Amino acid sequence: MELGALHPITGRQWQLSDDQSRSIWPDACLVVPFGAQVKDGTGKVINPVEGWSVQGGWTVTSTLEELELTDLVRNAKVAGVTAVWAAGPGGDTPALHVLGDDPFGWLTPHLDVAASASTTVYPLLDQWFGSGPAQLFDSPRRFGEMVIAPRPGQHGRLLAAPLAWLRMRMLQAPGARLSFSGPSGRPIFVDELWLGVLCRGEEFRGMMLESKQTTQLGGGWYYAMINVNVGGGADAVDIPYDGSILWVRYRHRPLPVQTPARVTLQPGHYELSLRGQTTGDAPEGFSDAAPVPWSAKQRFWVEHPPSLRPYVRFSTVGDDRLFGPKPGFDPTLPGVGFPAHRDYLPVVRFCVPYVRGMFPNLRLELDYPDAADVVEDVPVVPNAAGESTLPEAAIDWKTAHGGSVPPDDEVVMTRAMVPGAASLRLSHVPAAGPEFELDSWGIQVSRFANAASHLAWPGTCLTRSYRHDGPHDHPACETLAEPAWSASAAALIGGLRAHDLHRFELDQPAEPVAHSRFDASIAGALLHPVDWLGGEMPAEYDAPPGDWPLDASLAELAGPLDARAAQRFLLFLWRSGVRLSADPAAPALAAVGDPVAATTVEAICDDQDRPLALWLRTPEPLDWRRVHVEMTLRHVNPDSGCPTSYANRSTMALTVDPLPSSDGSGALLLARLSGTPTRLPRGEVTLKLRYEPAEPGLAKLRPRTPLPSGREAVTLAFLQPLGRTWPVKPPAAGGRVPSVRIPQVWPPVVDVGPPDPGPLVELIRTLSSGGMGG
Amino acid sequence: MSAALSLAAVGWVAEEPSGNRLRWSLPESAADAGRHIVPDTIVVERAPLDLKHDERAIKLFGPAALAAPGMWEQHGDVSLSGLIPVLEQFGRPVQAVRFLYSGMPALVHAFEGEHCVATQVLADGQWALLQAAAIDTLAITTQWCELQMLSTLDLYAPPPLPFEVIAEIDLEANGTAPFADAATRYPATPQLDDAKWGELQKLWAAAVAEPLGAESAEGAPSAWQELQVVLGARWEHAVLCGLGFVDGPDHAAPALDHWRSLLTAPRDLAYRVRDADGRLEPSNVICVPGAPAPELPVAPAPTIEQGAVRLGESGAMRASWEVAWGGLGPGSVGAEVVETVAVGGGSTTEAYAGRGRRPNAPPGTGFVHRDERVASHQVVVSASVRAQDGFDRIGPPGPASPPTPLAIDHHPQPPPLRGATTDGTTATLTQPPPVDWAPDALVAAAGGTVRFLRRVGDPARFSAPVLEVLPAGGLLAVKLEGAAPPDPSAFAGGRITIGALRGAVSLLAWPVAMVDVSHGDGPVAAAIPGATAEVSQSPADPALFVPVHELPASGLPEEIVFADPLPPPVTTQLLEYRAQIAFAGLLGPLGPAVQALRLPPTPEVPPPFAITTLGVDFYHRTVVQLELTNPSAEMLEVWWAEGSPPAADFSRRAVPGDAGVRHADGGRTLFDTLSLPIPSKVDRTVTIGVQAVNAADGRSDFATVTHTLPAA
């Protein structure tokens, strides 16, 4: 028997050898390749099996009687040694993983296989009674693994079912002994037992036994499943049913499973020894075979892994693609990754919970070529979130058997980072001996402390746009003042709330409240006099009308982030026909890849100066997978030039597809209305940018100071004076909505009644006279 | 029972030898010193009887038919109830049980020991009659019923009758008696002669001397079995051997036996035979009415069933069929069959006796299995039958069955194929060496061909929740839920998986699938309602294939080349071919698949292009724009190498850009991000190449352009 070792994290394999140059790693499993799973006589196999099989009528049983691991340096048995039958696609495999602690752990580097792997689950089995002639029997009779022994003096009966289409026999053997055994008589324990019975309706109604399911078969016959209690498992029961049994459903009882803690070896010299024997129980009329002993012994060496790289699950600094394939959007330079914002702690998460068993502390060092290094000795600790990399099947298996799933280890650097390119080094400083490096990779530390400052733009008006004839710079327009009616409405709502007559939720936009609904409420009746304040708002298009949708060649480039996002960015600019350079001799997209000095927002326009997209540009790449953008636009007056006031119209809510540039330092913001990519109208644009440190599917970033909302947010509000005003929907095409901005609140709901009109009347008078404005 | 003689009678026959014809048989398993007990002398007894019309208005036949009413034992009305089918144990085995049934519809099973010997469907208010050589137990599949006027008939223990001896038959003389003496037992012209009697005597001697249970080699009958066949073939043989007797007026003086007071006219009588030495128990009583025995009926036309022409193991064609008849009356034991078989152009007519009867078939029915070597696959059979009883009577001839062509039951495997290739226009299939496949005799006789088919569809599959599961014989009936697949019948012959259960779909008549789980005697994995069934069409379903070529089955070449034009593939394509035999209007099964790989053509080298650098990004990568001089519809990839390497070295020294493989925008424009060296003080030269890539990752040579990066 040739023994090997398998590193459950990387899948690396060794042939066990007493050659120190072929040392295995401390957390490797020793693989014992059996021909078939064997019975455990040591108590060390955590998922033991019965280990017998029927071969030519003989019941062959192999039993593992000794499993020892000896530390040859300390001349002591290694305590807590366990072994596990590895799971694979289709069920258990005959590979015994010594030092393994769950059947699925070895599949960690093969998550696709792990998804389809399973431990052998004994299925429910159905034993029928065939379709032969009717028969009586009074001696024990075998049906597969079942033996029916009629009660003394009574017949067991096999009779054709009374429903011809069933075409099978049924058993009647009241009180008979039902036992389960292999061909050699070896008992089989079952932990679930059901009788599928055929009975008349009146009989079924009189049944006292637990019945799981019933089916009416016609002719007054029922089919029912009757559960037979076998406690924790039994190899024989007395049939508790006197009627007709169509079949018996049962399940082999699995042996109990343990979930011990994992043993990680220390560097050193070891010996694995195994011993057991195989026996053959003869069928009736033959003699048992003589036991055949077998054994194996193998010495091997253990050394620390030369690098921690296989154990790293992710790093919040550097290129996360170094630690495993990460398909999809990532336009950064391989090996560098996105610049890390300094308000986030560098975290290196491992994919196992026992790195601290090998290295209790690690030295983290940010090595800057042109600045002082940042060094910190940190403990290897379990991650506080309790996360584990184990395949789901392994987690399920452990928890299903009463075990716990230890969180993976991690190291966290708390010292402040300095902007610039650097290397992150992980080293081990042993108690004796020189420090040795375990891993390192390049990182880029951002000049920005956080994403909010990275995305922040102080501008209040779009001043630069690009058209087919090159860039255009416009003077900034002045910020608009809020109209009086808007402030009054806010005051009114506050007044209503203070009056405690109605309940409003101001922060949640709702569908516009139809005037009729509003009128019908008490509040509506009371508020009616304020209608004149601003007049009614016109209805709005719910999809881009006319020539507002983006051309198909541009619209097809919008969409979720993927590996082709950079291409789509360049193609959008190319197909839009804009020139980025004022130099007519320069290429149209000259300097498209060049970073900007500071964050800015610009516009990509068509020939008529109508914005096709906004271009949010920053000095550094940003992980746009974490950025979520919402855009609203308030319409303005007049229809050209600098806006001077807000139009009395509903605010447009647009969804935005960011289309990052080829290095991720900027992104085109493509607006959609009702799913259709659209040109942007004139107006006041509000961009709400949300940065998710814990975006699903990405490494979780850890802020130095916890974020109250769990995320960063920045709002950019600016005037967009280019292009045309969004058209008003013709009156015939839709209804009207109230002019007061109360459509942004939930419909009033009477909490208590009747109202006391006194304060409201005063309030309304006040509003009518223009008071309380602020 | 096993040690008792068994007696049968037909009643008064007017034809020679006239009288009441009797015959009896020796018990199969009665032995003394390991040999069959053969009495030295059989005593034939007769008792007068007053047979009256049976007061139960039910139709009787078999042993119950002639029994006098007084021979039935009355048990009155018997009510039975309980959760289990009712069992009625009788004191000793009886030959018939009858009752008027009252209860829910049910089945009654009559058992002799552990074997079920008779079954009848019961309906409320109807008479039931169960008859067998021995019945000791009844089991009724209901929880409550009443057996009204329950009666049993025990022919071995009838009420006392005034028997008198009418004959003493000397069986011991069989071994030595000359034929003339033996012939005195048969008062008519015998068909046997001296020589055949001599053979029969030898067989008798061998059977009597043979140990009980002796077996002959290779399935041949033992002497005892052979003797029973000879005795059963004709009543005359039984009479000559002292195992039959005619109680009538034609007898002359006996040469071997003694008889007296034989009948001269029919009377109501009871007969019994016994062993003079008492080593065997007396026979059952048989009642004979005082009237001529009823004539055998005109036989209806038989049917030709299960006809098939097959290829035998020797490679020769064989035809097999069964001639089945019915309506010959309960007294018949077989039929004389006149059969005409037409093979190819000629036909032959043959007459033979058929005595086969299936275990559960009623009296008056029977069949004979026929198996003949034939020279042609075209076989037509017709037959007529005449009833035969066990007393050498033969009924009138009946009409013949219509000529019935026998179906061909043949599923020839096609020639094995080793491989397949195709250039998109011509396909070539090859046979593995040695190329010695030849059609079998049946295919050759039918002028069969080999068809070649190409797969044009993928096996359909669907998932559906399981609603109910019930076993039905060797199959599982699985009721599924949800929307039916477009063509449920396409899944017949496919596979179904429900958890651990895997089986073949015999039939899918939505929403029920009949599943063959082929479990033998052991258990099968349970299919639990609520589980999901995964159903897939057989990959060899002929509906997935179209024929693309056909050749005579004889003389198939090593390489089968045929036109099979196909559109050019856009990606790697795997074509699957199979062979199939076509013969006599039938199709054999599809053979194993061979596959031909088709790759899309290697794309052409992209057109020349111009390079524009568009700037350097945050990571100091250069963004470039490439403009092709001519549009290209291919997928393209941009690579670059430092310097200006020779064209042959470019692919080895170059690395791809970040953009990967894609189409050029408008067929002309490519953008990419390349990690080009950043010149500082002197210009740097790089070579940029564009390669066309097809969907199968087939790649063209590079079109290259040398480009200079100006110093900063």
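Only a predicted model underlies this, so the values are computations on that prediction, with no experimental measurement involved. Reminder, nothing fancy here: chain letters follow the sequence lines and each chain counts from 1. Below, each value reflects all heavy atoms present in this structure, side chains not excepted, and no hydrogens, waters or symmetry copies.
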Identify which part of [X] has an atom lying under 4.5 Å from any heavy atom of chain A, answering side chain, backbone, both or neither.
| X | result |
| --- | --- |
| B:Thr622 | neither |
| B:Leu501 | neither |
| B:Ala106 | neither |
| B:Val469 | backbone |

### Query
Does NE2 in B:His620 sit with more than 12 non-hydrogen atoms of other residues, nucleotides or ligands closer than 6.0 Å?
no
Identify the heavy atoms of [X] and [Y] that sit nearest to each other, and give their distance.
| X | Y | answer |
| --- | --- | --- |
| B:Gly113 | A:Leu136 | O-CD1, 3.6 Å |
| A:Leu333 | B:Ser675 | CD1-OG, 3.9 Å |
| B:Val623 | A:Gly593 | CG2-CA, 4.0 Å |
| B:Ala659 | A:Gln567 | CB-NE2, 3.2 Å |

### Task
Starting at CZ of B:Phe618, measure out to OG of A:Ser662 and round the result to the nearest 0.5 Å.
13.0 Å
### Query
Hey, what do you get for SG (B:Cys116) to CZ (A:Arg169), rounding to the nearest 0.5 Å?
10.5 Å
### Task
Take B:Phe671 and A:Leu573, measure what side chain to side chain contact (heavy atoms under 4.5 Å, CB included) needs, and give me the verdict at the end.
CA-CA 11 Å; B:Phe671 294 99; A:Leu573 293 176; over 6 Å; no
### Query
Between B:Ile528 and A:Arg249, is a side chain to side chain contact (heavy atoms under 4.5 Å, CB included) present by the stated rule, with each step listed?
CA-CA 11 Å; B:Ile528 311 294; A:Arg249 177 169 292 172; 3.5 Å; yes
### Query
Under 3.5 Å, side chain of B:Tyr619 to main-chain N/O of A:Gly337, donor-acceptor pair present?
yes
### Query
Within the side chain of B:Gln625, is there an N or O that forms a donor-acceptor pair under 3.5 Å with the backbone of A:Leu589?
no
### Query
Looking at B:Leu470, B:Asp658, B:Thr612, B:Thr119, which has the largest count of heavy-atom pairs under 4.5 Å with chain A?
B:Leu470
#### Entry: Winner by heavy-atom pair count (cut-off under 4.5 Å) against chain A, out of B:Thr669, B:Leu107, B:Thr613, B:Leu475
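Looking at each of B:Thr669, B:Leu107, B:Thr613, B:Leu475 in turn, B:Thr669 comes out on top.
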Output the option from [options] having the highest count of non-hydrogen pairs under 4.5 Å with chain B.
| options | value |
| --- | --- |
| A:Pro331, A:Ser661, A:Ala563 | A:Pro331 |
| A:Val248, A:Val336, A:Asp138, A:Leu125 | A:Leu125 |
| A:Pro621, A:Pro587, A:Pro595 | A:Pro621 |
| A:Leu580, A:Thr332, A:Val592 | A:Thr332 |

### Query
Residues in ring pair (Phe, Tyr, Trp, His ring centres under 6.0 Å) with B:His109, at least two apart?
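Scan of B:His109 (ring pair (Phe, Tyr, Trp, His ring centres under 6.0 Å), adjacent residues dropped) gives none.
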Can you tell me which portion of [X] sits under 4.5 Å from chain B's heavy atoms? Options are side chain, backbone, both or neither.
| X | value |
| --- | --- |
| A:Glu620 | both |
| A:Ala566 | neither |
| A:Tyr250 | side chain |

#### Entry: N-O pairing of A:Arg575 and B:Asp665 below 4.0 Å
yes
### Message
If you define the side chain from C-beta out and look only at heavy atoms, does anything of A:Leu159 sit under 4.5 Å from B:Phe111?
### Response
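Answer yes - side chains close enough.
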### Task
Using a 4.5 Å cut-off on heavy atoms from C-beta on, say whether the side chain of A:Asp126 contacts that of B:Pro523.
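Of all side-chain heavy-atom pairs linking A:Asp126 with B:Pro523, none is under 4.5 Å.
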### Query
Can you name the side chain to side chain contact (heavy atoms under 4.5 Å, CB included) partners of A:Asp594, sequence neighbours left out?
A:Ala591
